[in-house]
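Heads up, the thing below is written out as structure tokens.
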Amino acid sequence: MEGADGAGEPGRRRQFGCASFNQDSTSLALGTRSGYQLFSLTSVEKLDCIHESANTPDVYIVERLFSSSLVVVVSAAMPQRMNIYHFKKGTEICNYSYPSSILSVKLNRQRLVVFLEESIYVHNIKDMKLLKTLLDTPSNPSGLCALSTNQSSSYLAYPGSVTSGDIVVHDTNSLSTVVTIPAHDSPLAALAFNASATKLASASEKGTVIRVFSVPEGERLFEFRRGMKRYVNISSLSFSLDAQFLCASSNTETVHIFKLEQLGASAEDEAATWTAYMGKMFSAASSYLPGPVSGMMSQDRAFATVHLLSSGQRNVCTLVTIQRLLRLLVATADGQLFIYNVDPQDGGECQLAYKHRLVGVDDETHSEEMKSEGGQLTQETHSFPSYAETAALPASGHATATLTGYSEDGGAKQGDVIPEHEFAVGPVCLDDENKFPPVSNQKC
């Protein structure tokens with residue numbers, strides 16, 4: 001999430017520059033005008049700050065690799081340079097400089113990918129060796145992209161056109177293009193893979209339709225309508241871990257959650273509800289109607305929704321299980337984190353469980369709880385019981401590197417072995433010069 005509070009306004013420094021959830025949504029990274037912060041997302045009521053750095057000004061990109069101590073940071077003070085830190089040791093692993101400003105960085109256990117406006121750099125994350133450079137890619141001023149996090153599949157998705165919504169899917173393991181998907185008529189606005197890298201969600205700049213495609217085939221699996229009344233800027237798409245749900249947030253006050261379910265081949269497999277019956281009737285009728293009307297009738301509406309307290313600001317959303325219940329998390333550009341309960345059976349309006357103030361206030365008022373007189377968590381506009389209550393309680397172009405190693409526990413010695421679970425193949429020593437010599441003076 002970029003363009004946060006105060007961004008782009010002359011004479012005013014940003015207090016809040018960006019926010020990103022890690023690959024499994026167990027932590028939140030926050031870039032600020034003075035540095036960055038990392039928060040643990042294991043509890044609804046308590047938000048633990050596990051690390052805070054005040055050494056880098058105006059951070060507008062910060063990405064953490066799962067629950068490891070590796071963090072990638074890009075500052076507006078040096079937008080062409082990417083720094084990789086071992087935050088638990090407080091040491092820099094390496095830094096790389098690129099020909100123009102870095103727009104986004106994505107990483108998984110195999111690859112680290114850097115996006116410039118018209119080029120893409122694919123690195124091997126174990127030793128930061130540059131594996132491939134994709135030059136003269138379609139202009140991508142927002143750095144829109146998605147990188148899958150599956151252990152065996154490492155797919156990269158990015159816009160294939162500046163005039164239409166084509167998606168290029170690139171395999172960063174084989175370093176080859178897999179498929180180009182003609183996803184939308186309008187240019188792309190959002191992309192997201194599911195955890196197993198078998199599905200890819202997309203939205204266009206119009207923001208009315210969200211589509212889900214199979215990977216690597218590129219076949220359309222689902223089509224959801226966010227709304228027909230107005231065009232919106234969809235800023236975030238995210239699947240739940242099991243890929244049963246997909247959330248979408250925009251510059252409006254509404255966050256939509258869609259349920260990905262296929263009707264069974266027989267009547268026994270289908271839901272015996274009025275909605276299912278009407279869906280079949282619409283589907284049958286659509287074959288006799290003009291294409292635009294048929295398309296609108298065949299699209300599924302949101303399974304659940306959230307109405308934020310304000311609109312018009314960028315945000316990032318994710319679906320994650322916390323304390324055994326499905327939650328929707330929304331980090332907003334004014335420095336707040338909202339946590340909502342999601343009812344996976346009945347959907348409907350999600351209830352606000354807690355909101356946390358991330359920046360801009362003293363530590364004593366860092367978190368704010370939404371309570372009724374009885375002490376139960378409620379949302380300001382609704383009082384019905386929640387599911388939680390009923391269910392259970394400018395650069396030189398050269399790259400320099402000081403490869404000091406990193407580890408899960410942040411040990412004190414150099415040469416720490418990267419934990420085996422951090423990569424598809426392991427263990428590996430980042431600073432073992434016999435196996436992975438440090439990189440120096442490498443042009444990117």
Side-chain angles (χ1 to χ4, degrees), residues 1-22 25 27-39 41 47 49 52 56-64 73-77 79 101-106 141-145 189-192 203 205 207 226 230-238 247-256 305-320 327-340 350 352 354-362 365-368 370 380:
M1 176 175 57
E2 299 175 30
D5 186 25
E9 299 181 29
R12 182 182 175 189
R13 300 189 72 193
R14 292 173 301 182
Q15 182 172 1
F16 182 51
C18 65
S20 66
F21 296 101
N22 68 338
S25 297
S27 72
L28 172 67
L30 193 71
T32 68
R33 67 182 182 184
S34 60
Y36 68 92
Q37 295 174 290
L38 302 175
F39 298 92
L41 300 176
L47 196 63
C49 182
E52 182 172 3
T56 308
D58 291 325
V59 171
Y60 69 94
I61 294 175
V62 55
E63 299 283 343
R64 183 185 184 190
V73 176
V74 182
S75 165
S101 295
I102 300 169
L103 300 178
S104 61
V105 178
K106 299 296 179 183
S142 65
L144 175 63
C145 60
L191 293 167
E205 289 181 351
R226 191 214 56 79
R230 53 180 172 171
Y231 292 164
V232 302
N233 298 319
I234 293 181
S235 57
S236 180
L237 293 172
S238 182
C247 62
S249 64
S250 66
N251 61 333
T252 71
E253 70 282 357
T254 306
V255 180
H256 297 78
T305 56
V306 159
H307 289 86
L308 303 175
L309 302 180
S310 61
S311 62
Q313 58 184 351
R314 289 182 62 84
N315 56 64
V316 60
C317 64
T318 190
L319 289 163
V320 63
R327 321 279 187 171
L328 171 73
L329 277 59
V330 183
T332 62
D334 62 350
Q336 297 186 85
L337 175 66
F338 295 88
I339 302 178
Y340 295 86
C350 299
L352 180 63
Y354 221 89
K355 77 171 183 178
H356 298 273
R357 169 65 66 177
L358 302 173
V359 295
V361 294
D362 296 332
T365 56
H366 190 71
S367 300
E368 179 181 350
M370 307 297 292
E380 290 184 343

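Computed over heavy atoms, backbone and side chain alike; hydrogens, waters and symmetry mates excluded.
In this model, no donor atom of one side chain and acceptor atom of the other lie less than 3.5 Å apart for T252 and T254.
The two residues L103 and P141 come nearest to each other via the heavy atoms CD1-O, 3.5 Å. Residues A331 and L28 share a closest heavy-atom pair of CB-CD1, 4.5 Å. Of all non-hydrogen atoms in I61 and C18, the two that sit nearest each other are N-SG, 3.7 Å. The shortest non-hydrogen separation linking L191 to L144 is N-CD1, 3.9 Å.
Distance check: L337 CG to R357 CZ gives 11.5 Å after rounding to the nearest 0.5 Å. F21 contributes atom CZ, which lies 9.5 Å from atom OG of S27 (distance to the nearest 0.5 angstrom). Considering CG of N315 and OG of S250, their distance stands at 7.0 Å, rounded to 0.5 Å. Taken from CD1 in I339 to SG in C350, the straight-line distance is 13.0 Å, to the nearest 0.5 Å. Atom SG in C247 sits 9.5 Å away from atom CG in L329 (nearest 0.5 Å). Residue E63 holds its CD atom at 8.5 Å from OG of S104, rounded to the nearest 0.5 Å.
Using a 4.5 Å heavy-atom threshold, the side chains of S20 and V316 count as separate. Counting heavy atoms from C-beta outward, L319 and S25 have side chains that stay 4.5 Å or more apart. Under the 4.5 Å side-chain criterion, counting only non-hydrogen atoms from C-beta, N22 is not in contact with L38. Side-chain contact between L309 and T332 is absent, with no heavy atoms from C-beta onward closer than 4.5 Å. Counting only heavy atoms from C-beta outward, the side chains of L308 and V306 approach each other to under 4.5 Å. Inter-residue side-chain proximity for R314 and N233 is flagged as unmet; no heavy-atom pair is nearer than 4.5 Å.
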side-chain contact (heavy atoms from CB on, under 4.5 Å) assessment of T318 paired with L41: CA-CA 12 Å; T318 190; L41 300 176; 5.8 Å; no
side-chain contact (heavy atoms from CB on, under 4.5 Å) evaluation trace for N251 with S235: CA-CA 7 Å; N251 61 333; S235 57; over 6 Å; no
Evaluation steps, side-chain contact (heavy atoms from CB on, under 4.5 Å), between T305 and Y340: CA-CA 10 Å; T305 56; Y340 295 86; over 6 Å; no
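Between the S101 side chain and the P79 main chain, no donor and acceptor come within less than 3.5 Å of each other. Under a 3.5 Å cut-off, the side chain of S75 and the backbone N or O of P57 do form a donor-acceptor pair.
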